[in-house]
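These figures come from a predicted structure and were not determined experimentally. Because only heavy atoms are used, hydrogens play no part in the values below, and waters and symmetry mates are left out as well, while side chains stay in.
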Amino acid sequence: MPTILVAGNRPRVGKTAVCAALARILADDGVSVGVTKPLNSAAAGDSEDLDSSDYAALLGTDIAAGAASSSGLASQAIANFQAHVEQASAGHDVMLVESSAQLGPDVTATAAEAIDASVLLTIGYEPDFDPESLAPWREALGDRLAYTVVNGVTDYRVRHANSELVPALEAAGLKPAGCLPEDRLLLAVKVDEIARHFDGEYVVDEGDKSALVSNILVGCQTLDPGELYFGIREDKAVVVRGDRPDIQMAALSTPTACMVITKNMMPIEYIRYEAGEEEVPVILTEADTLTAMDMLDTVQERARFDHPAKLERMTALLRERLDLDALRSALGLSNPNTLTTETCDWTR
């Protein structure tokens, strides 16, 4: 049975997104797919490593998580890793295993060897990205490096991917499967994550706190009517002072995911009533408006791949941008429609 270990060259490069979307595509092909993350980085002090529960939420299963440290895998951990993947693989045509962000090239190679897996390396794009910087991965993985995916490529570079990035990857011996563009929806955060980012208090808690926020607008005076200004974006958070009900009402008259009220200024009762009627959560923060906007510079660090809309978008990007036929061929699935199954079991 083919097994792919989905690894990344650093944390937060989109391993979970690639793994989940690839699982969805293979399942749509009629392939029985198992997907798991038996390694996590909790032992390395990363309390935010919640990818297993993300899979559970997205794919409807509980994912058993083992532990691995950033320094390597002990022999007993390797044995547990092998046993977990073997058990999870039972009854499936293909097994997808997400690696940990804490594992470097050598340990990833050891893990791949232990479960006889090919490696799909997910690379996080950076403006000064140099494929030769990934030589340690190429050398450690050798023939087990099946393909590489560059994720989060900026708009300008992705338009030149076929003429620039892909040839550079090929020259570096990294077997590119494709380049995925930076995407606003995939970088979005939930309303609740914004509230936690500000350590804020809900003064209106109606509405969908799991709604995705892709845009931030500051409440300010403009030459245009407020409805026109706020109407340029839909899935937005509006940051505004509490003593500006005129601006708040303009925001509430357009599709708004949440409002952040600054300087702990409680909005007037009428605004709270209208926000409740429109089901727009209102968050109170101690920060002033300028400080709040500065704080939002880092809010995307809270973004996680844990929302059905993100899975749908990532699946579409893989279908559009990746050489899926090459990936299927590497898995021995060059004619995937010959493999059928009544159900897709997202295995533990």
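- With 3.5 Å as the limit, one finds no donor-acceptor pair spanning the side chains of Thr262 and Thr285.
- Between the side chain of Arg12 and the backbone N or O of Ala303, at least one donor-acceptor pair lies under 3.5 Å.
- With values rounded to the nearest 0.5 angstrom, Phe230 atom CZ is found 7.5 Å from Thr256 atom OG1.
- Remark: the Asn151 side chain and the Thr122 side chain contain no N/O donor-acceptor pair separated by less than 3.5 Å.
- If you take OG1 on Thr148 and CG on Leu120, they are separated by 8.0 Å, rounding to the nearest 0.5 Å.
- Side-chain atoms of His197 do not come within 3.5 Å of backbone N or O of Arg302 as any donor-acceptor pair.
- Between Leu169 and Phe129, some side-chain heavy-atom pair lies under the 4.5 Å cut-off.
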Exercise. Which is it for Val299 and Ile194 under the side chain to side chain contact (heavy atoms under 4.5 Å, CB included) test, yes or no, and what are the steps along the way?
Worked result: CA-CA 7 Å; Val299 72; Ile194 290 177; 4.2 Å; yes

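- For the pair Ile78 and Thr110, the minimum side-chain heavy-atom distance is below 4.5 Å.
- Checked for salt-bridge contact, Arg144 and Glu113 meet the test: a charged N lies under 4.0 Å from a carboxylate O.
- Rounded to the nearest 0.5 Å, atoms CD1 (Ile115) and CD (Gln82) are 9.0 Å apart.
- Grouping the Ile, Leu, Val, Met, Phe, Trp and Tyr side chains by contacts below 4.5 angstrom, directly or via other members, places Leu180 apart from Val166.
- Residue Met265 holds its CE atom at 10.5 Å from CD1 of Ile261, rounded to the nearest 0.5 Å.
- Counting non-hydrogen atoms of neighbouring residues, nucleotides and ligands closer than 6.0 angstrom, the CG atom of Asp130 exceeds 12 such neighbours.
- A heavy-atom distance below 4.5 Å is found between the side chains of Pro176 and Glu170.
- At a threshold of 4.5 Å between non-hydrogen side-chain atoms, the residues Ile216 and Met293 count as touching.
- None of Lys236, Glu278, Glu234 except one satisfies the side-chain hydrogen bond (donor to acceptor under 3.5 Å, both in side chains) rule with Thr254; the exception is Lys236.
- A single hydrophobic cluster is seen to contain both Ile268 and Val239, as judged by linkage of ILVMFWY side chains at heavy-atom distances under 4.5 Å, directly or through other members.
- Counting only heavy atoms from C-beta outward, the side chains of Asp93 and Val33 never approach each other to under 4.5 Å.
- Atom CG of residue Asp288 and atom CG of residue Asn264 lie 11.5 Å apart, to the nearest 0.5 angstrom.
- A salt bridge links Asp155 with Arg159: at least one charged nitrogen is closer than 4.0 Å to a carboxylate oxygen.
- For the pair Asp323 and Arg328, the salt-bridge criterion is not met [side-chain N within less than 4.0 Å of a carboxylate O].
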For this session: Just do the side chain to side chain contact (heavy atoms under 4.5 Å, CB included) check on Tyr229 and Leu217 with the steps written out, would you?
Result: CA-CA 9 Å; Tyr229 167 68; Leu217 292 184; 4.1 Å; yes

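- At a cut-off of 3.5 Å, with distance as the only test, no side-chain donor of His307 or Ser210 sits close to an acceptor on the other residue.
- The hydrophobic cluster around Leu185 extends to Leu212, counting ILVMFWY residues whose side-chain heavy atoms fall within less than 4.5 Å of a member.
- Under the 4.5 Å side-chain heavy-atom criterion for grouping Ile, Leu, Val, Met, Phe, Trp and Tyr, Val13 is not connected to Leu22 through any hydrophobic cluster.
- Inter-residue side-chain proximity for Glu182 and Val153 is flagged as unmet; no heavy-atom pair is nearer than 4.5 Å.
- Hydrophobic clustering (ILVMFWY, side-chain heavy atoms < 4.5 Å, transitive): Leu187 and Val191 are in distinct clusters.
- In this structure, Pro105 and Leu141 approach most closely via the heavy-atom pair O-CD2, 4.5 Å.
- Leu322 has its side chain out of reach of Tyr147: every pair of non-hydrogen atoms, C-beta onward, lies at least 4.5 Å apart.
- A salt bridge links Lys37 to Glu98: one of the charged nitrogens lies within less than 4.0 Å of a carboxylate oxygen.
- When all heavy atoms of Ile123 and Asn9 are compared, the closest pair comes out as CA-OD1, 3.4 Å.
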For this session: Applying side chain to side chain contact (heavy atoms under 4.5 Å, CB included), run through Met249 and Glu274 and close with a yes or a no.
Result: CA-CA 8 Å; Met249 278 303 301; Glu274 287 296 321; 4.0 Å; yes

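- Between the NZ atom of Lys175 and the OG atom of Ser118 there is a distance of 8.5 Å, given to the nearest 0.5 Å.
- Of all heavy-atom pairs spanning Arg184 and Ser214, the tightest one is NH1-O, 2.9 Å.
- Looking at Ser89, its side chain does come within 3.5 Å of a backbone N or O of Val85 through a donor-acceptor pair.
- Counting heavy-atom neighbours within 6.0 Å of Glu132 CD, excluding the residue itself, gives a total above 12.
- Cluster annotation: Phe81 and Met1 are assigned to the same hydrophobic cluster (Ile/Leu/Val/Met/Phe/Trp/Tyr, side-chain heavy-atom contacts under 4.5 Å, transitive).
- The number of heavy atoms from other shown groups lying within 6.0 Å of CD (Glu312) does not exceed 12.
- The cationic atom of Lys15 (NZ for Lys, CZ for Arg) does not lie both less than 6.0 Å from the six-membered ring centre of Phe305 and within 45° of the ring axis.
- Looking at every heavy atom in both residues, Ala257 comes nearest to Pro281 through O-CD, 3.1 Å.
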Exercise. Taking it one step at a time, do Ile4 and Val94 satisfy side chain to side chain contact (heavy atoms under 4.5 Å, CB included)?
Worked result: CA-CA 8 Å; Ile4 285 188; Val94 176; 5.7 Å; no

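- Between Asp306 and Lys190 there is a salt bridge, since at least one side-chain N of the basic residue sits less than 4.0 Å from a carboxylate O of the acidic one.
- No donor-acceptor distance shorter than 3.5 angstrom exists from the side chain of Lys310 to the backbone of Ala17, with no hydrogens or angles considered.
- Minimum interatomic distance between Thr108 and Ser99 (heavy atoms only, all atoms of both residues): OG1-OG, 4.3 Å.
- Annotation for Met314 and Leu186: closest pair SD-CD1, 3.7 Å, computed over non-hydrogen atoms.
- The closest side-chain heavy-atom distance from Arg272 to Met266 is below 4.5 Å.
- Between the side chains of Asp294 and Thr291, no donor-acceptor pair is found at a separation under 3.5 Å.
- Applying the 6.0 Å contact sphere to CG of Asp297 captures more than 12 heavy atoms from other residues, nucleotides or ligands.
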